[in-house]
Asks: 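Could you have a look at this structure, given as structure tokens, before my questions?
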Amino acid sequence: MPRLGVNIDHVATVRQARRTFEPDPVWAAALAQLGGADAITFHLREDRRHIQDRDARVLKETVTVKLNFECACTKEMLDIAIDVKPTDVLLVPESRQEITTEGGLNVVAKQNDIRRAVDRLHQAGISVSLFVDPEVAQIAAAHAAGADSVELHTGSYALAKLNPERAEVLQSFRRACEVTVQHGLQLHAGHGLTYANVRAIALIPEMRELNIGHSIVSRAIMVGMSQAVREMKALVTTHEE
Ligand code: PXP
């Protein structure tokens with residue numbers, strides 16, 4: 001059975017919409033752990049659009065399950081990650097314009113930089129995962145760069161129209177999973193997974209971890225809305241001092 005990593009970035013997105021203190025992603029991480037999260041994942045972006053440096057530090061102090069620090073492969077981010085010392089660092093490509101992480105890391109093209117980053121993180125006692133497209137060349141390059149695991153990008157699967165397109169994408173994704181394991185890498189996956197599409201990916205026998213954010217945070221808003229309104233209504237309509 002794969003571990004469930006809960007990505008809490010979009011709790012911080014709501015907070016940053018007002019640049020206030022709520023909702024606190026640290027609090028969300030505690031509730032996610034109560035719900036059974038096996039890992040908490042956060043992405044400290046260079047533009048700090050959601051998670052802030054303070055979140056990374058407080059998450060490190062409070063999270064009791066595996067902590068995945070997702071970041072770009074830059075000196076600034078590696079310095080912060082080594083200072084925070086999470087369980088894992090997940091290296092991803094980053095562009096200011098993108099709405100979310102759009103593609104996998106081009107490990108083939110950036111082999112030397114990534115190998116140096118992996119070595120630095122290993123020396124600090126941090127396990128390293130690389131977010132890559134489900135392609136043989138990228139997986140082989142991740143192995144050559146010394147990564148411990150790869151997170152295969154499930155975006156193409158999630159975006160594929162229903163059968164036969166989705167079945168074809170899934171078949172080629174499964175092949176990428178086999179190649180990952182043949183290289184001795186731990187197999188993780190994520191991006192675009194939802195309550196409707198997660199099962200086929202979760203059932204891949206070699207799968208060790210799924211990282212899911214947007215769909216869980218979206219559902220949390222919906223299942224929590226009635227209660228939140230009931231609590232506010234009670235305050236608005238109760239006349240006692
Ligand atoms: N894995 C990586 C590398 C990501 O960048 C993201 C998005 O932050 C996720 C997983 C989670 O994707 P989603 O929010 O679509 O579940």
Side-chain angles (χ1 to χ4, degrees), residues 2-16 25 28-29 32 35 37-52 55-56 59 66-74 77 81 86-107 114 117 121 127-135 138-139 142 147-160 173 176-177 180 185-202 204 207-222:
R3 288 186 291 270
L4 174 61
V6 176
N7 180 314
I8 52 168
D9 293 348
H10 295 307
V11 176
T13 302
V14 177
R15 178 191 61 190
Q16 294 312 108
D38 303 298
I40 298 296
T41 303
F42 64 94
H43 184 174
L44 185 68
R45 281 187 165 267
E46 290 176 284
D47 62 10
R48 308 298 198 272
R49 69 172 71 159
H50 39 52
I51 293 292
Q52 305 296 303
D55 301 329
L59 285 166
K66 182 179 183 224
L67 186 63
N68 285 326
F69 186 139
E70 180 181 334
C71 63
C73 187
T74 63
M77 283 301 151
T87 330
D88 275 41
V89 164
L90 169 60
L91 295 176
V92 295
E94 209 170 286
S95 125
R96 291 283 153 89
Q97 284 78 37
E98 68 190 0
I99 292 175
T100 181
T101 314
E102 280 165 2
L105 206 53
N106 192 345
V107 192
I114 293 173
L121 291 163
S127 188
V128 186
S129 187
L130 303 180
F131 184 54
V132 296
D133 290 326
E135 294 166 6
Q138 296 296 345
I139 296 164
D148 304 284
S149 47
V150 291
E151 179 171 313
L152 296 184
H153 196 321
T154 43
S156 314
Y157 160 75
L159 290 176
F173 189 83
C177 291
T180 300
L185 291 158
Q186 283 261 327
L187 173 65
H188 304 169
H191 215 284
L193 295 177
T194 67
Y195 293 82
N197 68 21
V198 72
R199 287 287 292 163
I201 301 295
I204 293 172
M207 194 57 70
R208 290 292 164 267
E209 183 174 308
L210 297 179
N211 282 306
I212 308 179
H214 190 263
S215 193
I216 293 176
V217 174
S218 302
R219 180 133 180 93
I221 291 171
M222 290 303 165

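In listed order, ligands and their atoms are each counted from 1.
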Asks: If you measure every N/O of Leu193 against every N/O of ligand 1, is any gap under 3.5 Å?
Replies: no
Asks: Taking atom types as modelled, find out whether Asn211 and Glu209 have a side-chain donor-acceptor pair closer than 3.5 angstrom.
Replies: yes
Asks: More than 12 heavy atoms of other residues, nucleotides or ligands under 6.0 Å from CZ of Arg219: yes or no?
Replies: no
Asks: If the cut-off is 4.0 Å to any non-hydrogen atom of Asn7, which atoms of ligand 1 fall inside it?
Replies: 8 (O)
Asks: Return the option from His43, Arg45, Glu70 holding the heavy atom at the smallest distance from atom 5 (O) of ligand 1.
Replies: Glu70
Asks: Can you name the atoms of ligand 1, numbered from 1 with element, that are less than 4.0 Å from a heavy atom of Val92?
Replies: 3 (C)
Asks: Using a 4.0 Å heavy-atom cut-off, say whether Glu151 meets ligand 1 through its side chain, its backbone, both or neither.
Replies: side chain
Asks: NE2/His153 to CD/Glu135 distance, rounded to the nearest 0.5 angstrom?
Replies: 10.5 Å
Asks: For the residue pair Asn7 / Thr41, report whether a side-chain donor-acceptor contact shorter than 3.5 Å exists.
Replies: no
Asks: On the 0 to 90° scale, with breaks at 30° and 60°, tag the His10-His50 ring pair as parallel, tilted or perpendicular.
Replies: perpendicular
Asks: Purely on distance, is any nitrogen or oxygen of His214 under 3.5 Å from one on ligand 1?
Replies: yes
Asks: Does a donor on one side chain and an acceptor on the other come within less than 3.5 Å for His191 and Glu151?
Replies: no
Asks: Of all the atoms in ligand 1, which lie at a distance below 4.0 Å from a heavy atom belonging to Phe131?
Replies: 3 (C)
Asks: Which heavy atom of the protein is the closest neighbour of atom 12 (O) of ligand 1, given with residue, atom name and distance?
Replies: His191 CA, 3.5 Å
Asks: Nearest to atom 15 (O) of ligand 1, what protein heavy atom do you find, and at what distance?
Replies: Gly192 N, 2.8 Å
Asks: Does Ser215 have a non-hydrogen atom less than 4.0 Å from ligand 1?
Replies: no
Asks: Can you tell me which residue among Ile216, Val217, Leu59 is in a side chain to side chain contact (heavy atoms under 4.5 Å, CB included) with Ile8?
Replies: Leu59
Asks: Go through the side-chain N and O atoms of Thr194 and Ser215 and say whether any donor and acceptor fall under 3.5 Å apart.
Replies: no
Asks: Geometry only, no angles: is Gly213 polar-contacting ligand 1 at N/O separations under 3.5 Å?
Replies: yes
